[in-house]
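For the numbers below, each heavy atom of this structure counts, side chains included, while hydrogens, waters and symmetry mates do not.
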Amino acid sequence: MVGDGHRATGTPLRAAQDEAGVPPGVWQGRGLAALGLAAGDVVTERQAELLLGEGRHPDADRIERELLAQGKSPARARRATVLGRPIEHNRSPKTDKAKERTPWLAFDLVFRPPPTAHIAWALMDDEHRRVLELCDDIARDKTLAWLEESVAEIRSKAGGKQRATVKDGLIVAVFRHYESRATESRPLLHAHAVVSVRARRPHDGKWGNLSADSLMTHIVAADTLYTLHFMEEVSARLGWAWEPREVTPGRRPVMDIAGIDRRLIGWQSTRRQQIEDALPVLTARYEEQQGHAPGERASYALACQAADQTRPPKRTELLSLTELRTRWRASAIRAFGACTVYRLAERARAAAAAVWARVRPVVDIALAAVDVVAVVYVMRGAFKSHHLLAEARRHLSYVLRGRPHQPGLDEQIVRAVVDDYTRPASRRMMTADLRALYPRDTEDQAVLRPLTRKRTAPLYERARLAADALAARVHAVRRAERLGSRSRPYAVAVPAASRSNPRPLRTGSKNGRLLEQETGVDVDVVEQTRQTLEAAAAQVAATLQGQPAGTRSSPQPTPPAAPPPHTQQPGIQPAPGRTTGGVT
């Protein structure tokens with residue numbers, strides 16, 4: 001609540017926040033109405049202590065005094081202020097595993113913009129700083145709204161086996177911080193959203209606990225949604241564009257503001273360099289103990305261990321945001337020159353113009369579905385819909401580069417993947433349907449499978465190779481359909497409709513009348529139309545060759561090579577990319 005600064009004993013919270021240079025926390029979420037709070041209200045120390053520390057009403061002191069004045073006992077007055085089950089229940093000897101259980105009342109979601117946004121926020125003027133903070137607020141609020149509308153569930157019944165949607169919404173205390181824990185303070189715009197575990201059930205309005213599984217399952221999807229919204233807000237308000245940057249070869253890239261000097265990223269990410277310096281020692285120790293190089297999960301665990309070992313203590317020097325920005329700008333100027341720092345906004349606008357001229361912000365749902373299912377399948381094998389949703393939002397971030405997307409487009413991509421390219425893998429999981437990705441096509445299988453099984457390449461690199469191979473196949477199929485649908489010169493195509501069991505078109509009056517009775521097509525009209533089209537085609541050909549139509553010999557009717565497979569009906573257009581019968 002006071003950032004990374006120290007809070008002396010007896011110092012009020014607001015005074016400690018002023019000394020630490022961080023703004024006070026504010027309440028967010030639709031669940032505040034049930035507590036008598038409003039979004040944007042300042043989080044006081046006593047409110048946080050009651051709700052986030054004891055699971056009680058933020059105004060429990062007033063409620064308890066009123067009940068005591070009415071003659072209620074102290075125990076009943078206190079119980080009336082508790083939201084849901086009291087935390088004392090966890091310490092009761094009558095409950096199972098009471099001595100091992102620790103009360104859990106809140107969890108912390110950290111919202112952090114991409115790296116180059118920190119640089120622009122720290123080194124540009126106050127106007128750009130305020131706009132970037134506004135973009136961060138809007139993206140965070142939209143993400144929290146999605147969590148409470150589509151994800152948050154509340155537990156009920158014994159053991160919390162039943163889940164239901166939350167009646168009102170979430171109760172969140174948001175605290176904004178400005179810097180990282182690096183030895184030399186570096187800009188790191190981020191916000192801690194402390195979500196209360198207490199919420200109301202929809203059927204009776206009673207207080208209960210949120211399902212942590214539901215929220216944590218969708219945490220990556222929430223992260224990608226926040227990044228997508230932040231990019232769109234920045235592009236709409238500042239006119240900047242975004243481009244991918246590969247941090248580690250073969251790993252997933254990050255989206256950065258186009259035009260920001262890459263050297264400033266290394267200047268800002270000093271904590272990353274500290275972790276990278278400590279990581280080889282831990283990796284060598286792991287290889288010595290285990291006898292092999294670490295895999296994906298082991299590498300992530302070693303990186304977390306390196307981050308914990310190199311984490312510096314909280315700073316004791318208290319600086320305001322204005323003082324921090326002055327110090328950051330002076331440090332960047334000393335390292336890279338004044339021209340690099342003061343022309344950041346100008347270069348970002350110029351780079352955005354180049355990006356918009358090169359990249360068309362158009363989303364192809366078919367290609368997006370193929371890309372999403374290929375990446376998720378190679379990286380996970382079996383997956384759920386929230387894995388597809390997170391990858392669909394990453395795909396939109398890469399394709400649109402900050403341009404706004406249509407609401408619900410990410411879910412539309414997921415539906416296309418589930419309907420067309422997946423099959424059940426277990427009772428709760430699904431996997432890619434390889435037959436749907438390349439049906440009866442051995443050449444594509446020969447191309448794709450070695451890419452997915454190339455163990456020497458990193459996992460994400462293999463996923464990108466598979467996605468590119470499938471995208472090339474989609475382009476090839478579309479190209480073949482376009483070429484196959486081109487009509488011959490001077491050809492007039494007659495629309496045809498398909499039948500489940502088409503019968504051959506027979507000549508002769510008897511058969512012709514039979515066709516007329518079966519299909520409702522007038523044979524005389526069809527014959528008259530054929531003669532008219534033949535005469536028109538002869539006249540057009542004679543005109544193009546510079547000869548009068550009367551001097552040319554009449555075209556001799558030729559017998560049909562094969563009977564047309566479909567009966568012609570007026571008013572029905574042929575499907576694009578499919579060849580239909582016609583009269584020349």
Side-chain angles (χ1 to χ4, degrees), residues 21 111-139 176-180 182-191 226-248 253-273 319-361 397-404:
F111 293 84
R112 188 177 71 176
T116 47
H118 309 314
I119 298 171
W121 168 81
L123 302 182
M124 291 185 184
D125 54 25
D126 287 335
E127 181 179 357
H128 286 87
R129 175 186 63 83
R130 287 191 293 268
V131 171
L132 290 172
E133 291 178 357
L134 177 62
C135 295
D136 174 62
D137 291 337
I138 295 175
R176 168 168 284 166
H177 293 174
Y178 294 139
E179 55 184 328
S180 66
T183 305
E184 295 183 3
S185 176
R186 286 293 182 264
L188 186 65
L189 177 65
H190 63 285
Y226 165 77
T227 303
L228 181 61
H229 283 313
F230 182 82
M231 291 170 54
E232 292 178 357
E233 292 295 331
V234 170
S235 297
R237 297 176 185 276
L238 297 176
W240 296 346
W242 299 78
E243 60 182 1
R245 174 175 62 91
E246 188 182 58
V247 180
T248 304
V254 298
M255 300 303 293
D256 284 336
I257 300 173
I260 299 296
D261 197 325
R262 298 292 177 87
R263 297 177 299 173
L264 292 172
I265 300 176
W267 165 81
Q268 184 263 346
S269 303
T270 54
R271 278 288 294 135
R272 177 179 177 82
Q273 187 60 42
L319 298 174
S320 64
L321 178 59
T322 303
E323 295 172 331
L324 288 173
R325 282 168 48 82
T326 302
R327 177 178 293 187
W328 292 333
R329 190 177 291 109
S331 174
I333 290 175
R334 287 195 304 269
F336 309 107
C339 182
T340 301
V341 174
Y342 289 111
R343 296 186 63 186
L344 281 175
E346 178 183 351
R347 291 178 176 175
R349 287 190 295 269
V355 171
W356 299 135
R358 184 181 74 253
V359 180
R360 291 183 57 202
S397 300
Y398 176 77
V399 173
L400 297 178
R401 306 295 179 93
R403 294 297 194 192

Review point. For the atom pair CG (L324) and CZ (R186), what is the distance rounded to the nearest 0.5 Å?
Key: 11.5 Å
**Study point:** Residue pairs fulfilling salt bridge (Lys or Arg N to Asp or Glu O under 4.0 Å) with at least one residue in residues 114-123, sequence neighbours excluded
**Key:** none
Review point. Got a second to check how far M255's CE is from E243's CD, nearest 0.5 Å?
Key: 8.0 Å
Check your understanding: In Å and rounded to the nearest 0.5 Å, what is the NE2 to CG distance from H128 to L123?
Key -> 12.0 Å
**Study point:** Residue list, side chain to side chain donor-acceptor pair (under 3.5 Å) with R347, at least two apart or on another chain
**Key:** none
Point to revise | More than 12 heavy atoms from other groups under 6.0 Å of CZ on R360 | key: no
Check your understanding: Quick one: side-chain hydrogen bond (donor to acceptor under 3.5 Å, both in side chains) pairs with a partner in residues 233-242, sequence neighbours left out?
Key -> K142-E233, E233-R237, S235-W242
Exercise for review: Identify the heavy atoms of C135 and V234 that sit nearest to each other, and give their distance.
Suggested key: SG-N, 3.7 Å
Point to revise | Partner residues of R130 under the side chain to side chain donor-acceptor pair (under 3.5 Å) criterion, sequence neighbours left out | key: none
Practice item. Determine, for E323 against R327, whether the closest basic-nitrogen to carboxylate-oxygen distance falls under 4.0 angstrom. Key: no
Review point. In chain order, what residues pass the side chain to side chain donor-acceptor pair (under 3.5 Å) check against R349, with sequence neighbours excluded?
Key: none
Review point. How far apart are the closest heavy atoms of M231 and S397, and which atoms are they?
Key: CE-O, 3.5 Å
Review point. Quick one: side chain to side chain contact (heavy atoms under 4.5 Å, CB included) partners of V355, sequence neighbours excluded?
Key: A241, A258, R358, V359, R401
Study note, to complete from the structure: Residues V341 and L344: closest non-hydrogen pair is O-CG, 3.3 Å
Check your understanding: Hey, what do you get for CG (L400) to CG (L228), rounding to the nearest 0.5 Å?
Key -> 7.0 Å
Check your understanding: Is a side-chain N or O of R325 found less than 3.5 angstrom from the main chain of R129, in a donor-acceptor match?
Key -> no
Exercise for review: Answer yes or no: is there a side-chain heavy-atom contact under 4.5 Å between H118 and P113?
Suggested key: yes
Point to revise | Between CG on residue L132 and CG on residue L238, distance to nearest 0.5 Å | key: 5.5 Å
Review point. Can you list the steps and then say if Y178 with L189 is a side-chain contact (heavy atoms from CB on, under 4.5 Å)?
Key: CA-CA 5 Å; Y178 294 139; L189 177 65; 4.3 Å; yes
Point to revise | Worked check of side-chain contact (heavy atoms from CB on, under 4.5 Å) between D256 and I265 | key: CA-CA 10 Å; D256 284 336; I265 300 176; 3.7 Å; yes
Check your understanding: Is the shortest distance from a Lys or Arg side-chain nitrogen in R176 or D136 to a carboxylate oxygen in the other one below 4.0 Å?
Key -> yes
Review point. Which atoms form the tightest heavy-atom contact between R245 and P115, and what is the distance?
Key: NH2-CG, 3.9 Å
Check your understanding: Does H190 reach the main-chain N or O of L188 with its side chain, forming a donor-acceptor pair under 3.5 Å?
Key -> yes
Review point. With distance as the sole test, does T116 use its side chain to make a donor-acceptor pair with the main-chain N or O of I257 at under 3.5 Å?
Key: yes
Review point. If you count the non-hydrogen atoms of other residues, nucleotides and ligands that lie under 6.0 Å from CZ in R112, is the total more than 12?
Key: no
Study note, to complete from the structure: CH2 of W121 to CG of D126, rounded to nearest 0.5 Å, is 11.0 Å
Point to revise | Non-hydrogen side-chain atoms of P114 and F230 separated by less than 4.5 Å | key: yes
